[in-house]
2 protein chains.
Amino acid sequence: MARNKYPEETVEKILDAAMRLFIEKGYENTSIQDIIDNLGGLTKGAIYHHFKSKEDIMLAVLERQHNEYDAKLYRILNDRDNMTGLARLRALFWIALSSPRQENFFRSSPSLLNNPKMLILQMKGTMEEAAPQHIAPLIQQGIEDGSIRTDYPLQLAEVILLLSNLWVTPLVFAASPQDMEKRLKLFGQLLEPFGANFIDEDFTRRIMDLTEMYGNHPDPE
Amino acid sequence: MARNKYPEETVEKILDAAMRLFIEKGYENTSIQDIIDNLGGLTKGAIYHHFKSKEDIMLAVLERQHNEYDAKLYRILNDRDNMTGLARLRALFWIALSSPRQENFFRSSPSLLNNPKMLILQMKGTMEEAAPQHIAPLIQQGIEDGSIRTDYPLQLAEVILLLSNLWVTPLVFAASPQDMEKRLKLFGQLLEPFGANFIDEDFTRRIMDLTEMYGNHPDPE
DNA sequence: GGATACATACCGTTGGTATGTATTGCGGCA
DNA sequence: TGCCGCAATACATACCAACGGTATGTATCC
């Protein structure tokens, strides 16, 4: 493979291949060689020129995903003014669930329980960035416009993210459709006293669809 | 090392060393050689005679811990009759928090975020066994004696375990003492409507102590 | 005398590094 | 403006120690 005039293309190639493999096979079960084999002629030299380690690739994958997601969120949320904090919260989660990349993720990933590193890194980012930077401000706004009430906006944000990312999703702790429905109901009840119940019909239906779709996965045990 | 007449002792030795290292350095950062070096003369042959893989060792470590914990729980909970479901729930969490093994864990483990495999395996066990077998029955009993009210005992058990194991502990998503206090408060408020608020003064103080103790850990970043 | 409980020697794969090489962009000079 | 020279860039190739795991040997127990 000759030298590329636009090295970013090479970086993107590497990230694309790595992300696909990390999602499909898990981080630990994906070797550098696996990535190389999906690069179309590029070799190990290319990888270690652009990234300093395997973990560095994973971080870059998450970062890219994160940025893309961020941009989309800001665009949509800032577009529509005069929404209450709660309504924005609802919108945010809806966007998160309906993005095509998320769809792809659901389709190609076996349980994230088999991908500990990725799950943990994602959750870390969620707690350290998404909670204080994205969700807590929305809750704060909800408090000011009267739609949400709590003395602990950051902590409420953390709970919401933890539960929605780990519990009310078929990706991690799998559940039968019946059990997932109960989780959704209880989640709603938990949020109700704070006026933060963003679980609407659309959200519920989407999660249930994913749950059923996900039930067809072969469970590698 | 000659052949041991009581091979269980060898197994225990391996599990002891492995557990210590897994907790201190994390699963992925502990090599088989590391374990061997802490075995006092035993070699790789011993390990692979008793265990079929490194992961198998980790599972055995968790299983042993689990069994020990189970025995203790049953003894104490069955001793005291005429307790309400809520009171038993309180007692259970208190026992979990005050055991010496747990203390040791807190003392020697860096953030479990650096130990993805162990964290995930533990959470898996929590959701698949502890929730349905230990917590849900207590909640069910609480429903019957009127101390707890919910239509979804299993799901309530799941939420309680998820949040207490991941969120209201300094071991995973670290927090300043002030933030941890807010987490505890919000956790209490979340559980209140279900009559399942097991967060009492003892529990709070214990968590706060651990949080401060844990704050002195060097954070490997 | 088999089955058990190890020890020893060995293996393929892995993440990572050292080094080589062709290409590119760029500062300076005509 | 055009061209030269050269360092920085973008890779390819060759190599390495450490890893998890296996095959085989051997002494001990029942």
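Not measured: the values here are computed from a predicted model. Chain naming here is simple, since letters A, B, ... match the order of the sequence lines and numbering starts at 1 in each.
Residues A:E28 and A:G45 both approach DNA chain C. Their nearest nucleotides, taken by heavy-atom distance, put A:E28 toward the 5′ side. DNA chain D is contacted by both B:Y27 and A:P7; A:P7 maps to the nucleotide lying nearer its 5′ end (nearest heavy atom per residue).
One can place CG of B:N29 at 11 Å from P of D:dC19, the figure rounded to the nearest angstrom. Per the geometry, CD1 belonging to A:I47 stands 13 Å off P belonging to C:dT14, to the nearest Å. The separation between A:Q33 atom CD and C:dT17 atom P is 17 Å, rounded to whole Å. Distance CZ (B:F51) to P (C:dA5): 12 Å, rounded to an integer number of Å. One can place CD1 of A:I57 at 10 Å from C1' of C:dG15, the figure rounded to the nearest angstrom. Here C:dG25 presents its P atom at 11 Å from CG of A:N4, a figure rounded to the nearest Å. Taking atom NZ on B:K44 and atom C1' on D:dT22, their separation rounds to 10 Å, with Å as the unit. Across the protein-nucleic acid pair, A:I14 atom CD1 and D:dA12 atom C1' stand 13 Å apart, rounded to whole Å.
On a pure distance criterion of 3.5 Å, no polar donor-acceptor pair joins the side chain of B:K52 and the base of D:dG21. Remark: the A:K54 side chain and the C:dG16 base include no donor-acceptor N/O pair separated by less than 3.5 Å.
Using bins of under 30°, 30° to 60° and over 60° for the plane-to-plane angle, the ring pair A:F187/A:F198 lands in the perpendicular bin. Taking the six-membered ring where the residue is Trp, A:Y27 and A:F22 present tilted rings, their angle falling between 30° and 60°.
If you check C:dT14, D:dG21, C:dC6 against the side chain of B:S53, the one that comes closest is D:dG21. With C:dG15, C:dC6, D:dA12 as the candidates, the nucleotide lying closest to the side chain of A:I32 is C:dG15. With C:dC6, C:dG16, D:dG21 as the candidates, the nucleotide lying closest to the side chain of B:A46 is C:dC6. Residue B:T43 has its side chain nearest to C:dA7 when only D:dG21, D:dT13, C:dA7 are considered. In the set D:dC11, D:dG20, C:dC6, C:dC6 carries the atom at the smallest distance from any side-chain atom of B:T10. Nearest to the side-chain atoms of A:L42 among the listed nucleotides C:dT17, D:dA12, D:dA10 stands D:dA12.
Side-chain N/O atoms of A:H49 include none lying less than 4.0 angstrom from OP1 or OP2 on D:dC11. Note on B:H50: every side-chain N or O is 4.0 Å or more away from OP1 and OP2 of C:dA5.
Distance alone, capped at 3.5 Å, places no donor-acceptor pair between the A:N115 side chain and the A:L112 backbone.
More than 12 heavy-atom neighbours from other residues, nucleotides or ligands sit within 6.0 angstrom of CD on B:E103.
No option in B:K25, B:R20, B:K54 other than B:K25 meets the salt bridge (charged side-chain N to carboxylate O under 4.0 Å, His left out) test with B:D34.
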